[in-house]
Amino acid sequence: MKTAQRLGNLGTETSFRVAQDAAEWKARGNEVYPFHLGELNFPMAPHIVEAMDKAIRDGKTGYCPGPGIPELRAALADDIGKRRGVTIDPAEVVVTTGGKPVITKFLQVVMDPGDGVLYPSPGFPIYESQIEYLGGNALPYRYVPTADGFAIDLDHLRASIDDKTVAIIYNDLQNPISAESTEAEREAIAAIAQEFDLWVLSDEAYFEMRYKGRSKSIAALEGMRERTVILYTFSKKFAMTGSRLGCAVAPREIAEVISTLNTNDESCTTHYVQWAGIAALQGPQDEVGRMLEVLRKRRDATCSIINSIPGMSVAVPGSTFYVFPDVTEAMEAKGIATLSEFSTEALHNTGVSFCTREHFGRRQDWEDRSYIRLAYSGIGENDITEGLGKLRDWLAQG
């Protein structure tokens, strides 16, 4: 039977395909070093688990308000506002089933078919997927390598805007490349958004996943609160990926429409999980600090070994739990032409499993270097050292 034509525009998070390949290789009795998924191998803090269990015991297992329970919306408004230096009314907070739905609902609210939306490339693949699935014109903007990592090519971004462009997706502390904006870059994005009257989706999933300094939100800049929707998630900071809890912080009129979309799509976010979210925000933060310290050690081990491998190089990022090394010369030395072949050969010869640039949006004409993404969120320090050591030995064989 006939299906909708728009399905041809629907992409996916192809890193899960890498996970499947790794699982199949492991099932054959092979050692696998999992750098492919950004899944934290840390348990939820005990007080969060207890809050969820208590909510279930107390019967908070039925329907609840579509925009979220008032107690969680108030807690989110307080926490997000204080950490960003802005005042947020609970009515501007809409609880969602994780951070990912905020992308789709933002686009549904601000974009008509044929409208253009700027998004980072490489970037989280769901940006490109949802823009195109909903009938928009996906406008990729690029990054250029710097001594510290990557920077947005602002001239290229500006040149991509036309009279049909309505929004920009901005992911500071970026997945997959761990790029972090300077003050000047953040202010330049804000200025462009205001000059061209663009809505902004500020994806702040990794806002507090950092090893030094303090994150800043574009929403805190003058003139930006009224045009910015913040994407917030519990998945990273609190290791609650499977709980599916997040929110949108949006101007009141946008928040009300997202609430209506919630009612249409999910009815509500799981009631008892929301009480766990309150405990996460208001309870002890010790586990967060311990997790970040472990991640920092993993980052240091990962970057140290990568930069010891001929043909590979990476800047040490100050945030997220990803690195995005350049492997162009390493591939050339092995006589490997494509990133797909490189990842397969690496898995089969060393057990190291990773995503590549190809898993983060469509490769663009301007790209002339090859990159892979290593996530150290779900692999211990000893396995990092062992696995990347095997990768180094394999590449040294020429």
Side-chain angles (χ1 to χ4, degrees), residues 12-43 125 175-178 209 235-236 239 241-242 290-314 316-317 320-360 370-398:
T12 188
E13 206 167 341
T14 52
S15 58
F16 288 104
R17 296 176 186 168
V18 181
Q20 182 178 346
D21 291 342
E24 291 174 356
W25 185 245
K26 186 174 182 178
R28 298 180 199 173
N30 301 293
E31 184 72 44
V32 170
Y33 301 93
F35 288 92
H36 47 272
L37 275 183
E39 172 74 278
L40 291 155
N41 63 341
F42 299 85
N175 174 21
I177 64 178
S178 296
M209 303 303 294
S235 293
K236 316 305 180 186
T241 50
R290 280 192 282 269
M291 180 173 67
L292 285 171
E293 180 57 23
V294 171
L295 290 172
R296 184 189 63 77
K297 292 177 180 178
R298 293 180 184 179
R299 177 205 63 178
D300 292 346
T302 300
C303 291
S304 176
I305 298 174
I306 288 173
N307 285 322
S308 75
I309 300 174
M312 291 180 63
S313 61
V314 69
V316 180
T320 79
F321 36 70
Y322 308 112
V323 293
F324 200 67
D326 187 326
V327 297
T328 307
E329 279 75 33
M331 288 174 57
E332 291 174 353
K334 292 294 286 187
I336 295 175
T338 68
L339 281 166
S340 176
E341 182 186 357
F342 184 64
S343 64
T344 299
E345 289 296 311
L347 176 64
H348 291 173
N349 284 280
T350 72
V352 176
S353 176
F354 51 78
C355 294
T356 74
R357 187 271 172 262
E358 313 294 349
H359 296 99
F360 299 98
S370 295
Y371 295 88
I372 63 173
R373 190 200 74 171
L374 301 174
Y376 50 87
S377 50
I379 181 170
E381 194 173 345
N382 289 338
D383 283 345
I384 288 172
T385 301
E386 184 175 300
L388 293 182
K390 291 181 179 180
L391 182 68
R392 178 175 54 202
D393 294 344
W394 171 63
L395 290 171
Q397 295 170 9

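Note that the structure is predicted; figures quoted are calculated from it, not measured. Side-chain atoms are counted along with the backbone in the values below, which use heavy atoms only and exclude waters and symmetry mates.
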Q: Check S308 against R392 and note the closest heavy-atom contact, atom names and distance.
A: OG-NH1, 2.9 Å
Q: Hey, mind stepping through I177 and Y371 against side-chain contact (heavy atoms from CB on, under 4.5 Å) and telling me if it holds?
A: CA-CA 9 Å; I177 64 178; Y371 295 88; over 6 Å; no
Q: Give me the atom names and distance for the closest heavy-atom approach of Y376 to Y322.
A: CE2-N, 3.7 Å
Q: To the nearest 0.5 Å, what is the distance between OG1 (T241) and CG (N41)?
A: 10.5 Å
Q: Measuring from I372:CD1 to R357:CZ, what's the distance to the nearest 0.5 Å?
A: 14.0 Å
Q: For the pair R299 (side chain) and P317 (backbone), establish whether a donor and an acceptor sit closer than 3.5 Å, ignoring hydrogens and angles.
A: yes
Q: Could you give the distance from OG (S343) to NE2 (H36), rounded to the nearest 0.5 Å?
A: 12.0 Å
Q: Could you check if a side-chain atom of T12 sits within less than 4.5 angstrom of a side-chain atom of P125, using non-hydrogen atoms only?
A: no
Q: Without swapping roles, check the side chain of T350 against the backbone of L347 for a donor-acceptor pair under 3.5 Å.
A: no
Q: I'd like to check Y33 versus L388 (side-chain heavy atoms, cut-off strictly below 4.5 Å). Are they in contact?
A: no
Q: For F321, what residues pass the ring pair (Phe, Tyr, Trp, His ring centres under 6.0 Å) criterion, not counting sequence neighbours?
A: Y206
Q: With heavy-atom distances below 4.5 Å as the criterion, would you say the side chains of C303 and V323 are in contact?
A: yes
Q: Using ring pair (Phe, Tyr, Trp, His ring centres under 6.0 Å) as the criterion, list what pairs up with F354, not counting sequence neighbours.
A: F342
Q: Would you compute the distance between atom CZ of R28 and atom NE2 of H348 and round it to the nearest 0.5 angstrom?
A: 6.0 Å
Q: Roughly how far, to the nearest 0.5 Å, is the CD1 atom of I309 from the CD atom of E329?
A: 13.5 Å
Q: Check this for me, if you would: do R290 and E293 make a salt bridge, where the nitrogen-to-carboxylate-oxygen distance has to be below 4.0 angstrom?
A: no
Q: So if I apply the side-chain contact (heavy atoms from CB on, under 4.5 Å) rule between T302 and each of T385, L374, V316, V314, which one comes out positive?
A: L374
Q: Looking at every non-hydrogen atom in both residues, tell me the closest pair between G387 and V352 and how far apart they are.
A: O-CG2, 3.2 Å
Q: Going by heavy atoms in the side chains, are V294 and F42 under 4.5 Å from each other?
A: yes
Q: Taking the side chain as every heavy atom from C-beta outward, state whether T320 and M209 have any atom pair closer than 4.5 Å.
A: no
Q: For R373 and G38, work out which heavy atoms get closest and say how close.
A: NH2-N, 3.8 Å
Q: For S353 and A22, work out which heavy atoms get closest and say how close.
A: OG-CB, 3.5 Å
Q: For K26, does the NZ atom sit with more than 12 other heavy atoms under 6.0 Å from it, leaving out its own atoms?
A: no
Q: Verify the distance criterion only: is there a donor paired with an acceptor across the side chains of E358 and S340 at less than 3.5 Å?
A: no
Q: Measure the CD-CG distance between E31 and D383 for me, rounded to the nearest 0.5 Å.
A: 6.5 Å
Q: Identify the heavy atoms of L339 and S370 that sit nearest to each other, and give their distance.
A: CD2-CB, 4.0 Å
Q: Report the C-alpha distance between D21 and R17 in whole Å, list the side-chain angles of each, state the deciding distance to 0.1 Å, and finish with yes or no for salt bridge (charged side-chain N to carboxylate O under 4.0 Å, His left out).
A: CA-CA 6 Å; D21 291 342; R17 296 176 186 168; over 6 Å; no
Q: May I have the step-by-step check of side-chain contact (heavy atoms from CB on, under 4.5 Å) for R298 and L295, ending in yes or no?
A: CA-CA 5 Å; R298 293 180 184 179; L295 290 172; 4.1 Å; yes
